[in-house]
Amino acid sequence: MPENLTALVESAGVVGAGGAGFPTHVKLNAKADIVIINGAECEPLLRVDQQLMAKQAGRLLEALDKIVTHLGAAEGVVALKEHYHTAAEVLQRELTNYPKLRLHLLGAFYPAGDEQVIVYEVTGRIVPEGGIPMNVGVVVTNVETALNVMDAVDGHPVIEKYVTLTGAVRTPKTVKVPLGITVAEALELAGGPMVEDYRIVNGGPMMGRLVSPESAITKTTKGLIVVPAGHPLLNSLERPVGVSLRQAATACMQCSLCSEVCPRGLLGHRIQPHKLMRLAAYGSMCDPAQTPMNAYLCCGCRLCEYACVMGLQPWKLNGNLKGILGEQGIRNSLNQKPDHSAPYRELKRYPVHKLIHQLGLAAYDVEAPMEECAPAYGKVTLPLRQNVGAPAEPVIEAGSKVEKGDLIARIPEGKLGANLHASISGTVTSVSDGSIVIQA
């Protein structure tokens with residue numbers, strides 16, 4: 001076990017591959033009782049993590065074992081959904097080599113992969129409001145992130161990404177591609193879109209965002225979903241916040257179904273979306289125990305919208321409130337640690353297959369077989385910010401020759417960030433404040 005695991009991971013530019021891109025070396029510079037590999041594949045339609053668990057089970061468990069030892073943890077847990085049968089069977093066979101490790105099978109509900117939800121499901125511990133798993137002695141890392149930790153131990157930086165290509169494409173599949181190719185180039189590996197007029201969701205249908213075909217594949221790209229123009233999902237994602245606020249003011253009937261299914265509310269956090277919706281109509285929450293600051297406790301999972309019989313968007317109102325509070329310099333001060341979860345929580349978990357049908361995506365809920373081989377690319381554009389924190393600072397200039405894997409930008413001194421490496425060999429043709437371009 002190398003003593004310098006944190007340094008190796010920092011040098012390799014490893015960040016969370018399944019979410020916002022939190023620099024992994026910071027998580028490793030801590031102590032924890034339990035380490036959880038998040039294999040829940042929270043978002044519908046995505047396949048990357050379940051496929052990696054099945055294909056690289058031994059390597060994943062080796063990575064988890066190293067992290068457990070490094071952090072001084074008592075145990076490591078791979079948490080995955082119970083219907084990921086192939087992955088569970090392969091992992092179970094490999095577990096005999098690792099006495100400190102175990103599996104935890106999760107139900108098929110959304111959002112099982114929310115890190116606070118998965119901590120509760122696996123350990124029974126409730127992360128405080130506005131907190132992180134480390135507050136309760138737990139470190140959570142994504143499947144692909146853990147495999148990148150193993151690559152770092154072997155001296156390989158993060159220069160490639162596994163991405164599920166699905167939706168209205170000719171051949172849904174999961175591919176491994178160099179960082180910095182365009183979204184359009186990645187989609188060509190799946191035969192391209194099947195329709196003329198379409199939009200592309202980067203990430204999952206619930207917490208993903210719409211992107212341009214010319215945008216770049218980054219360390220946090222998990223899936224690309226092609227959706228035909230006019231699809232109900234787009235009606236939700238593209239609805240202006242002003243429209244959402246007007247609809248909240250006129251149509252919210254205070255049924256509280258949004259609060260009944262809110263995953264953070266079910267953990268005992270003080271968020272009740274239906275009361276926050278009152279602000280749109282009355283300018284008040286009509287409850288002295290609630291303030292607009294409670295919006296900070298929203299994780300943005302969007303489940304409230306699909307529990308709402310009127311199709312309203314409490315999550316969008318919460319996001320708007322967070323923005324207003326942030327602009328005014330008002331930070332979250334809610335940090336209560338609940339003693340217990342909400343009553344009947346287990347009966348209120350939202351079935352993922354029901355959600356897929358509500359999203360209008362049942363036709364796209366298909367296999368997306370993994371392919372490791374991708375064609376060579378002649379040009380990549382590597383954004384300097386691919387992580388939580390500050391953008392990386394270039395260490396090369398236009399005209400520099402680089403080899404695949406060379407360091408091209410590093411973490412700014414004293415700041416949270418991640419190193420960036422060349423994903424192809426070639427000549428640096430552009431260095432700007434936002435990106436580095438390499439031509440093969």
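One is the number of the first residue; the rest follow in order along the sequence. Just so we're clear, the structure is a prediction, and the values are computed from it rather than from any experiment.
Here the side chains of Tyr98 and Glu62 are in contact, with some heavy-atom distance below 4.5 Å. Contact annotation: the side chain of Ile34 approaches that of Val77 to within less than 4.5 Å [non-hydrogen atoms, C-beta and beyond]. Between Cys258 and Cys308, the closest side-chain pair of non-hydrogen atoms is not below 4.5 Å. Looking at Glu10 and Asn29, their side chains never come closer than 4.5 Å, going by heavy atoms from C-beta outward. With a 4.5 Å cut-off on side-chain heavy atoms, Leu147 and Leu52 count as touching. Counting only heavy atoms from C-beta outward, the side chains of Glu393 and Leu384 never approach each other to under 4.5 Å. In this structure, Leu61 and Val78 have side chains that are in contact, with non-hydrogen atoms separated by less than 4.5 Å. Side-chain contact between His70 and Leu28 is present, with at least one heavy-atom pair separated by less than 4.5 Å.
Residues His421 and His156 keep their aromatic ring centres 6.0 Å or farther apart.
Between the OG1 atom in Thr164 and the CD atom in Glu41 there is a gap of 6.0 Å [rounded to 0.5 Å]. Rounding to the nearest 0.5 Å places CE of Met150 at 9.5 Å from CD1 of Ile67. The distance from the CG atom of Asn318 to the OH atom of Tyr296 is 12.0 Å, given to the nearest 0.5 Å. The distance from the CG atom of Asn142 to the CD atom of Glu115 is 11.0 Å, given to the nearest 0.5 Å. Here the CG-CD1 distance, from Leu420 to Ile408, works out to 4.0 Å after rounding to the nearest 0.5 Å. Distance check, rounded to the nearest 0.5 Å: CD1 of Ile271 to CG of Leu266 gives 11.0 Å.
Residues Glu144 and Lys161 are paired through a salt bridge, judged by an N-O separation under 4.0 Å between the basic side chain and the carboxylate. The pair Arg199-Asp197 meets the salt-bridge criterion, since a charged nitrogen lies less than 4.0 angstrom from a carboxylate oxygen. Between Asp49 and Lys222, at least one side-chain N (NZ, or NE/NH1/NH2) sits under 4.0 Å from a carboxylate O, which counts as a salt bridge. Between Arg385 and Asp433, no side-chain nitrogen of the basic residue sits less than 4.0 Å from a carboxylate oxygen of the acidic one, so the salt-bridge criterion is not met. A salt bridge is defined here as a Lys NZ or Arg NE, NH1 or NH2 lying under 4.0 Å from an Asp or Glu carboxylate O, and Glu129 with Arg264 fails to meet this definition. Between Glu260 and Lys348 a salt bridge is recorded (basic side-chain N to carboxylate O distance below 4.0 Å). Salt-bridge formation is detected for the pair Glu75/Arg102: a Lys NZ or Arg NE/NH1/NH2 atom is positioned less than 4.0 Å from an Asp or Glu carboxylate oxygen.
Contact between Ser212 and Val183 at its shortest, heavy atoms only, is O-CB, 3.8 Å. For Ala251 against Leu312, the heavy-atom pair with the smallest separation is C-CD1, 3.9 Å. Minimum interatomic distance between Pro292 and Leu279 (heavy atoms only, all atoms of both residues): CG-CD1, 4.2 Å. Here the closest non-hydrogen pair linking Tyr198 and Pro193 is CZ-CG, 3.5 Å. The two residues Thr220 and Gly21 make their nearest non-hydrogen contact at CG2-CA, 3.5 Å. Scanning all heavy atoms of the two residues, the minimum distance from Ala40 to Lys81 falls at O-CE, 3.0 Å.
Heavy-atom contacts from other residues, nucleotides or ligands closer than 6.0 Å to CD of Glu346 number more than 12. Dense packing is recorded around CZ of Arg345, with more than 12 heavy atoms of other residues, nucleotides or ligands lying under 6.0 Å away. Residue Glu238 places its CD atom among more than 12 non-hydrogen atoms of other residues, nucleotides or ligands, all under 6.0 Å distant.
The residue from Leu224, Val211, Thr166, Leu233 that alone fulfils the side chain to side chain contact (heavy atoms under 4.5 Å, CB included) condition with Val201 is Leu233.
At least one donor-acceptor pair under 3.5 Å links the side chain of Asn38 to the backbone N or O of Gly113. In this structure, the side chain of Gln290 does not engage the main chain of Met285 through any donor-acceptor pair within 3.5 Å. At distances below 3.5 Å, at least one donor-acceptor pair connects side-chain atoms of Thr174 with backbone N or O atoms of Ala368. Between the side chain of Arg125 and the backbone N or O of Val136, at least one donor-acceptor pair lies under 3.5 Å. Within the 3.5 Å criterion, the main-chain N or O of Val127 finds a donor-acceptor partner in the side chain of His269. Without hydrogens or angle criteria, Thr381 side chain to Val437 main chain gives no donor-acceptor distance under 3.5 Å. In this structure, His340 contributes its side chain and Gly268 its backbone to no donor-acceptor pair below 3.5 Å. Distance alone, capped at 3.5 Å, places no donor-acceptor pair between the Tyr162 side chain and the Gly223 backbone. The backbone N or O of Arg270 sits less than 3.5 Å from a side-chain atom of Asn294, completing a donor-acceptor pair. Not a single donor-acceptor pair under 3.5 Å links the side chain of Lys415 to the backbone N or O of Ala392.
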Go through Thr24 and Thr145 one step at a time and tell me if the side-chain hydrogen bond (donor to acceptor under 3.5 Å, both in side chains) criterion holds.
-> CA-CA 8 Å; Thr24 303; Thr145 308; 5.2 Å; no
Does the side chain to side chain contact (heavy atoms under 4.5 Å, CB included) test come out yes or no for Leu8 and His25, once each step is laid out?
-> CA-CA 8 Å; Leu8 290 172; His25 66 272; over 6 Å; no
Show your working on side chain to side chain contact (heavy atoms under 4.5 Å, CB included) between Leu91 and Glu94 and close with a plain yes or no.
-> CA-CA 5 Å; Leu91 285 164; Glu94 295 283 346; 5.8 Å; no
Could you walk me through whether Ser259 and His274 pass the side-chain hydrogen bond (donor to acceptor under 3.5 Å, both in side chains) check?
-> CA-CA 6 Å; Ser259 296; His274 75 285; 2.6 Å; yes
Scan the side chains in residues 298-306 for donor-acceptor partners under 3.5 Å anywhere in the protein, sequence neighbours excluded, and list what turns up.
unit_1, atom_1, unit_2, atom_2, d
Arg302, NH1, Pro205, O, 2.6
Arg302, NH1, Met206, O, 3.1
Arg302, NH2, Ser236, OG, 2.5
Arg302, NH2, Tyr306, OH, 2.9
Glu305, OE1, Ser236, OG, 3.0
Glu305, OE1, Gln313, NE2, 3.2
Glu305, OE1, Trp315, NE1, 2.8
Glu305, OE2, Ser236, OG, 2.9

